[in-house]
Amino acid sequence: DDSRNGRLKELADVCFDACIIMNETEYLFNKFFEVFQDADHEDIFVTTLEPYVLDADLNFLPPEIVKSVVAYFISQNEAKRLEELLCRLEPTSFDLEEITMFCRQHNLYDAMIHVWTRAIRDFVTPLVDLLQLVKMLEAGSEAEYSMDNPYFAAAMRIFPYLAFAFTSRRYPDGEIMNDDDASHAKADLYEYLFSGRSMAWPPGSKQIFHIEANPQDEPAFPYLVLLLRFDAASFMSMLNEAFEDPFLNEADEESQLNGTASTNGNRAGYRMTRQHIVSILLDVMDQNNIEPEGRVFLDIFIARSLPKYP
């Protein structure tokens with residue numbers, strides 16, 4: 001068996017090289033894949049495929065092959081290795097509903113963010129998913145607040161995700177977004193995160209995420225409250241990066257010049273400025289049961305920001 005598998009691996013290597021050089025990926029993904037399927041050796045096809053995706057020689061896979069890739073890595077308990085692979089593929093490789101369900105099931109939130117933000121330019125749905133993880137952790141014990149807990153590790157991705165989006169970078173690879181996508185992402189995320197009340201998403205739907213079990217107990221600025229209760233230090237660190245971005249400059253300058261509600265990007269009528277953010281944070285700290293150290297982190301953040309943004 002080992003000798004046969006070795007010969008099959010050599011055959012796969014040669015065929016992959018030839019098909020990619022000749023740009024015959026259709027043959028590779030159809031007839032050649034079927035050969036390995038019929039021989040019950042999809043695992044050899046998948047392991048041969050992996051480096052070509054990681055090296056960017058292939059960035060699209062048909063859905064049938066994606067299913068084989070997913071099945072193989074999950075059977076090997078290699079979810080993180082799988083996630084790295086998924087994040088290198090074009091989102092059009094995936095069935096959106098299937099990949100979303102799969103990513104939630106296995107805590108592959110980097111891959112989920114990659115798919116949702118690129119395939120349909122929806123930056124808020126991944127944020128809502130991560131906020132739901134934060135809510136779940138908050139209902140448990142502090143012992144669960146450990147990077148050894150996969151749910152905690154996944155929830156902590158909310159801070160780099162926001163930092164990337166608020167500074168025009170795609171998560172998780174850091175690629176710079178075009179101006180239209182960047183403005184769209186920032187406007188949607190600022191509006192949702194700093195919403196004064198629980199907000200329906202997608203817009204116009206009845207899907208409303210509440211941070212409290214009883215919606216009647218929902219505080220003002222619920223999503224901001226949830227994140228500050230969860231990890232105020234990481235939130236302020238993220239916001240420190242966001243404040244460097246000119247998206248907030250444009251809003252500040254326009255409101256100062258015109259004395260009216262300004263716009264960010266293409267979101268007419270939607271206003272977000274550094275001063276507005278700080279005012280909301282001060283109000284939230286005063287009105288909610290945030291740990292005292294949270295106020296300390298806010299005071300440090302304001303003290304550092306004042307000289308840069310007077």
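Using a 4.5 Å heavy-atom threshold, the side chains of Y27 and K31 count as touching. Under the 4.5 Å side-chain criterion, counting only non-hydrogen atoms from C-beta, L11 is in contact with F32. At least one side-chain heavy atom of C103 sits less than 4.5 Å from a side-chain heavy atom of I99. With contacts defined as side-chain heavy-atom distances shorter than 4.5 Å, the pair E212/P219 qualifies. Side chains of T48 and V46 form no contact here, defined as non-hydrogen atoms less than 4.5 Å apart. Side-chain contact between W116 and D129: absent, with no pair of heavy atoms (C-beta onward) separated by less than 4.5 Å. Side-chain contact between S234 and M238: absent, with no pair of heavy atoms (C-beta onward) separated by less than 4.5 Å. Inter-residue side-chain proximity for P63 and D95 is flagged as unmet; no heavy-atom pair is nearer than 4.5 Å.
A salt bridge links R121 and D180; the closest N-O separation between the charged side-chain nitrogens and carboxylate oxygens is under 4.0 Å. Ion pairing between a basic and an acidic side chain is recognised when a charged N comes within 4.0 Å of a carboxylate O; E50 and R81 show such pairing.
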Practice task
Determine, step by step, whether D110 and Y171 satisfy the side chain to side chain donor-acceptor pair (under 3.5 Å) criterion, reporting the C-alpha distance in whole Å, the side-chain angles of both residues, the deciding distance to 0.1 Å, and the verdict.
Solution key: CA-CA 7 Å; D110 283 1; Y171 184 86; 2.8 Å; yes
Practice task
Tell me, with the steps shown, if F221 and L281 meet side chain to side chain contact (heavy atoms under 4.5 Å, CB included).
Solution key: CA-CA 9 Å; F221 303 100; L281 285 169; over 6 Å; no
Practice task
Please step through side chain to side chain contact (heavy atoms under 4.5 Å, CB included) for the pair E64 and F29, ending with a clear verdict.
Solution key: CA-CA 9 Å; E64 184 180 3; F29 294 147; over 6 Å; no
Exercise for the section: Apply side chain to side chain donor-acceptor pair (under 3.5 Å) to the pair Y52 and D17, showing each step before the final yes or no. Expected result: CA-CA 9 Å; Y52 291 93; D17 282 339; 2.5 Å; yes
Exercise for the section: Before giving the answer on salt bridge (charged side-chain N to carboxylate O under 4.0 Å, His left out), spell out for R229 and E291 the whole-Å C-alpha distance, their side-chain angles and the decisive distance to 0.1 Å. Expected result: CA-CA 7 Å; R229 290 194 310 218; E291 292 289 335; over 6 Å; no
Exercise for the section: Start with the C-alpha distance between E241 and L162, add both sets of side-chain angles, then the distance that settles side chain to side chain contact (heavy atoms under 4.5 Å, CB included), and finish with yes or no. Expected result: CA-CA 10 Å; E241 286 192 62; L162 288 171; over 6 Å; no
Exercise for the section: Verify side chain to side chain contact (heavy atoms under 4.5 Å, CB included) between L86 and V115, making sure each step is shown before the conclusion. Expected result: CA-CA 9 Å; L86 296 178; V115 172; over 6 Å; no
Practice task
Go through S168 and K186 one step at a time and tell me if the side chain to side chain donor-acceptor pair (under 3.5 Å) criterion holds.
Solution key: CA-CA 8 Å; S168 302; K186 293 170 198 174; 2.7 Å; yes
Practice task
Please step through salt bridge (charged side-chain N to carboxylate O under 4.0 Å, His left out) for the pair D181 and R170, ending with a clear verdict.
Solution key: CA-CA 10 Å; D181 282 350; R170 292 195 179 278; 2.7 Å; yes
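Summarising the geometry of L89 relative to L58, their closest heavy-atom pair is CD2-O, 4.5 Å, with the distance given to 0.1 Å. The minimum heavy-atom distance linking I211 with K135 is given by the pair O-CE, 3.5 Å. Annotation for F152 and Y145: closest pair CD1-CA, 3.6 Å, computed over non-hydrogen atoms. Nearest heavy-atom pair across R88 and V53 is CB-CG1, 3.7 Å. T117 and I113 make their closest contact through OG1-O, 2.6 Å (heavy atoms, listed as atom of the first residue, atom of the second, distance). Taking all atoms of both residues into account, the shortest heavy-atom contact from I277 to L239 is CG2-CD2, 3.8 Å.
A side-chain N or O of S3 and one of R7 form a donor-acceptor pair less than 3.5 Å apart.
Taking the centre of each ring, F45 and H41 stay at or above the 6.0 Å mark. Under the 6.0 Å cut-off for aromatic ring centres, F301 and F297 do not qualify, their centroids lying 6.0 Å or more apart. Aromatic pair F123/Y192: ring centres not closer than 6.0 Å.
Residue M22 is not grouped with residue L28 when hydrophobic side chains (ILVMFWY) are merged at heavy-atom distances under 4.5 angstrom, including chains of intermediate members. Each of M101 and V66 belongs to its own hydrophobic cluster when Ile, Leu, Val, Met, Phe, Trp and Tyr are linked at side-chain heavy-atom distances under 4.5 angstrom. Residue L306 is grouped with residue M285 when hydrophobic side chains (ILVMFWY) are merged at heavy-atom distances under 4.5 angstrom, including chains of intermediate members. Taking hydrophobic clusters as Ile, Leu, Val, Met, Phe, Trp and Tyr residues chained together by side-chain heavy-atom distances below 4.5 Å, F36 does not share a cluster with V14.
Under the side chain to side chain donor-acceptor pair (under 3.5 Å) criterion, K308 pairs with E244, sequence neighbours left out. Judged as a side-chain contact (heavy atoms from CB on, under 4.5 Å), and not counting sequence neighbours, the contacts of S198 are I208, H210, E218, P222, Y223. The ring pair (Phe, Tyr, Trp, His ring centres under 6.0 Å) check on F159 picks up nothing, with sequence neighbours excluded. Legend: residues meeting ring pair (Phe, Tyr, Trp, His ring centres under 6.0 Å) with F166, ordered by chain and number and at least two apart, are Y190. Take K80 and apply the side chain to side chain donor-acceptor pair (under 3.5 Å) test, not counting sequence neighbours, and it matches E83. For S68, the side chain to side chain donor-acceptor pair (under 3.5 Å) test picks out E42, with sequence neighbours left out.
Annotation: cation-pi pair R169/F164 present, NZ/CZ under 6.0 Å from the ring centroid and within 45° of its normal. Relative to the ring axis of Y309, R274 places its NZ or CZ within 45° and under 6.0 Å from the centre.
Interatomic distance, CD1 of I158 versus CG of L226, reported as 7.5 Å (0.5 Å rounding). Between the CG atom in D55 and the CD1 atom in I20 there is a gap of 9.5 Å [rounded to 0.5 Å]. Here the CE atom belonging to M236 is positioned 10.5 Å from the CG atom belonging to D231, to the nearest 0.5 angstrom. In this structure, CG on L82 lies 6.0 Å from CG on L108, to the nearest 0.5 angstrom. Interatomic distance, CD1 of I300 versus CZ of R295, reported as 12.0 Å (0.5 Å rounding). Annotation: the span from I120 atom CD1 to T125 atom OG1 amounts to 6.5 Å, rounded to 0.5 Å.
Enclosure of atom CD in E78 by more than 12 non-hydrogen atoms of other residues, nucleotides or ligands within 6.0 angstrom is indicated. Residue-environment remark: CG (N178) exceeds the threshold of 12 foreign heavy atoms within 6.0 Å. For F60, the CZ atom is densely surrounded, since the number of other residues' heavy atoms within 6.0 Å is greater than 12. Other residues, nucleotides and ligands place more than 12 heavy atoms under 6.0 Å from the CG atom of N214. Applying the 6.0 Å contact sphere to CG of D217 captures more than 12 heavy atoms from other residues, nucleotides or ligands. Heavy-atom contacts from other residues, nucleotides or ligands closer than 6.0 Å to NZ of K67 number 12 or fewer.
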